[in-house]
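By convention in this document, chain letters (A, B, ...) are assigned in the order of the sequence lines, proteins followed by strands, and residues within each chain are numbered from 1. These values consider heavy atoms only, across backbone and side chains, with no hydrogens, waters or symmetry-generated copies.
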2 protein chains.
Amino acid sequence: MSRLPVAERREQLVQAALVVAIRDGIEAATVRAVAAEAGVSLGVVHYCFEDKNELLREVGLAITTQNVERIIFDTPMEGINARGAISLALGILWDSIREHRGAQLLSYELTTTSLRHPELRAVAIGQLEHNWDVAEHVLDQAATLAAVAWSVSVRRLARLSVAAIDGVSLAWLVDGDDDAARAALSSFADHIATYARPAG
Amino acid sequence: MSRLPVAERREQLVQAALVVAIRDGIEAATVRAVAAEAGVSLGVVHYCFEDKNELLREVGLAITTQNVERIIFDTPMEGINARGAISLALGILWDSIREHRGAQLLSYELTTTSLRHPELRAVAIGQLEHNWDVAEHVLDQAATLAAVAWSVSVRRLARLSVAAIDGVSLAWLVDGDDDAARAALSSFADHIATYARPAG
DNA sequence: GTCTATAGTTGGATAGAC
DNA sequence: GTCTATCCAACTATAGAC
């Protein structure tokens, strides 16, 4: 293949690793498989990355930001009440999750893998905190547009929201029941909305 | 080692596999490691199980029932209101999860692994449905003791509860924040309790 | 039933030619 | 920078002695 600067090569390899891991699972994302997917030889990967863990760390970073961008920019909340705003955001988020089943599953695989390997520890934490940040951002947006204030800390509500979404997603990955998942999310949206107070 | 009937040998090997997988993660639970943990030679495992997947299926079954037994028999709910009953049950459950971090993590590892391997597919479904059944049982118990009826199907509430617990557990595995986890569970308990109506 | 020995794969990592 | 070739470790699985 052509001679690329290392930075670009790394980016290309991370993307290839993402493709493999999303499609076939994290344990299928071997150095060999990634090299094959990228169309380069085995040696190239080891030249661009210290070891497999460094590649995996980059994959963790990539999938986190990728997931996030799907949500932030696609959320056009028109001024309604808090319950409506939350529900709308959750609806958009859910459509995105549904369309990216493999990515959602990979996200959980990265979490469990990260929890067993100290060298990857940062991946799980990074993912979770990123999700909290996004939830916080959406909740802030919702509060503004619905002209309400949250009666407990936004951080706590963000935590609550992310936990709800993770739990619902996990069940959906297993049983594929979209209706049940939506019903559960709707119920949790009700709950979050109970923390809204008229803005002061 | 002594000559055991196959059934007992299998049971022993499944327990050994559980020990290894809980301690070091599912990917560390190789046939070799299990044999070593059980103090038998490699061949014995292959003699008792068709292949590694059959062993893993048994492990999935074992951890599921094991987790469940911890909850069902330890729940002495004294007649209070619905919110109190739910909260009490969640408290007991949470203590159990806290004391068995490795088992909880393994449970998620088994789920993701199962979702990538058709031969293990039943493990994830079995686990989830078992959890739903337990939640349903606890909710029924709570309703009786608190003299209330649930205003939506118990199945739906059970699903909601399990999702909440899974989401909270996952975050706790990552960040280890026990206070935040309890706060979140408490909040979800509030929500579940809003579905209680005076019994009729 | 249990053991040792070994076949047959696969994967991470490195060396060295180009 | 990129390739091929190779080393070495670890794994699943089986064969065959005891």
Side-chain angles (χ1 to χ4, degrees), chain A residues 1-21 23-60 106 109-110 113-114 116-120 123, chain B residues 1-21 23-60 106 109-110 113-114 116-120 123:
Chain A
M1 284 292 164
S2 56
R3 296 164 81 88
L4 262 59
V6 185
E8 287 181 31
R9 198 47 107 194
R10 279 172 65 103
E11 179 55 27
Q12 177 202 5
L13 291 173
V14 169
Q15 287 305 316
L18 257 179
V19 169
V20 175
R23 187 186 56 213
D24 303 326
I26 195 171
E27 68 179 3
T30 64
V31 177
R32 291 179 131 83
V34 171
E37 179 71 33
V40 301
S41 69
L42 190 54
V44 174
V45 183
H46 279 106
Y47 172 76
C48 294
F49 294 93
E50 175 82 18
D51 57 9
K52 191 188 173 186
N53 283 332
E54 191 188 343
L55 174 58
L56 279 187
R57 279 194 293 270
E58 293 296 320
V59 168
L106 174 59
E109 291 178 294
L110 276 170
T113 304
S114 154
R116 292 287 188 188
H117 301 280
E119 326 86 76
L120 297 176
V123 173
Chain B
M1 285 289 168
S2 56
R3 296 164 80 88
L4 261 59
V6 185
E8 288 180 31
R9 200 43 110 193
R10 280 173 63 104
E11 179 55 27
Q12 178 203 4
L13 291 173
V14 169
Q15 288 304 318
L18 257 179
V19 169
V20 175
R23 188 186 55 215
D24 303 325
I26 196 171
E27 70 179 3
T30 64
V31 178
R32 291 178 129 81
V34 171
E37 179 72 32
V40 301
S41 68
L42 190 55
V44 175
V45 183
H46 279 105
Y47 172 78
C48 293
F49 294 93
E50 174 81 20
D51 56 12
K52 191 189 174 186
N53 282 331
E54 191 187 343
L55 174 58
L56 279 187
R57 279 194 293 270
E58 294 295 321
V59 169
L106 174 59
E109 290 179 295
L110 276 169
T113 304
S114 154
R116 292 287 189 188
H117 301 281
E119 326 86 74
L120 298 176
V123 173

Rounding to a whole Å, what distance do you find between Tyr47(A):OH and dG1(D):P? 4 Å
Whole-Å gap separating P (dC11(D)) and CG (Asp24(B)): 12 Å
Separation between [atom1] of [X] and [atom2] of [Y], rounded to the nearest 0.5 Å:
| X | Y | atom1 | atom2 | answer |
| --- | --- | --- | --- | --- |
| Gln12(B) | Glu37(B) | CD | CD | 10.0 Å |
| Leu55(A) | Arg10(A) | CG | CZ | 8.5 Å |
| Leu56(B) | Leu110(B) | CG | CG | 7.0 Å |

Closest nucleotide among dT2(C), dT2(D), dG1(C) to the Arg9(B) side chain: dT2(C)
Among dG1(D), dC3(C), dC3(D), which nucleotide sits nearest the side chain of Val40(A)? dC3(D)
Sugar-phosphate or base contact per nucleotide [nucleotides 6-13 of chain C; S, B, -; heavy atom under 4.0 Å]: -----BBB
Taking all non-hydrogen atoms of both residues, which atom of Ala17(A) and which atom of Val59(A) are closest, and how far apart? CB-CG2, 3.6 Å
Check: residues 42-52 of chain A side-chain donor-acceptor pairs under 3.5 Å, at least two apart:
{"from": "Asp51(A)", "atom 1": "OD1", "to": "Asn53(A)", "atom 2": "N", "distance (Å)": "3.3"}
{"from": "Asp51(A)", "atom 1": "OD1", "to": "Glu54(A)", "atom 2": "N", "distance (Å)": "3.1"}

Any side-chain heavy-atom pair from Arg116(A) and Leu106(B) closer than 4.5 angstrom? yes
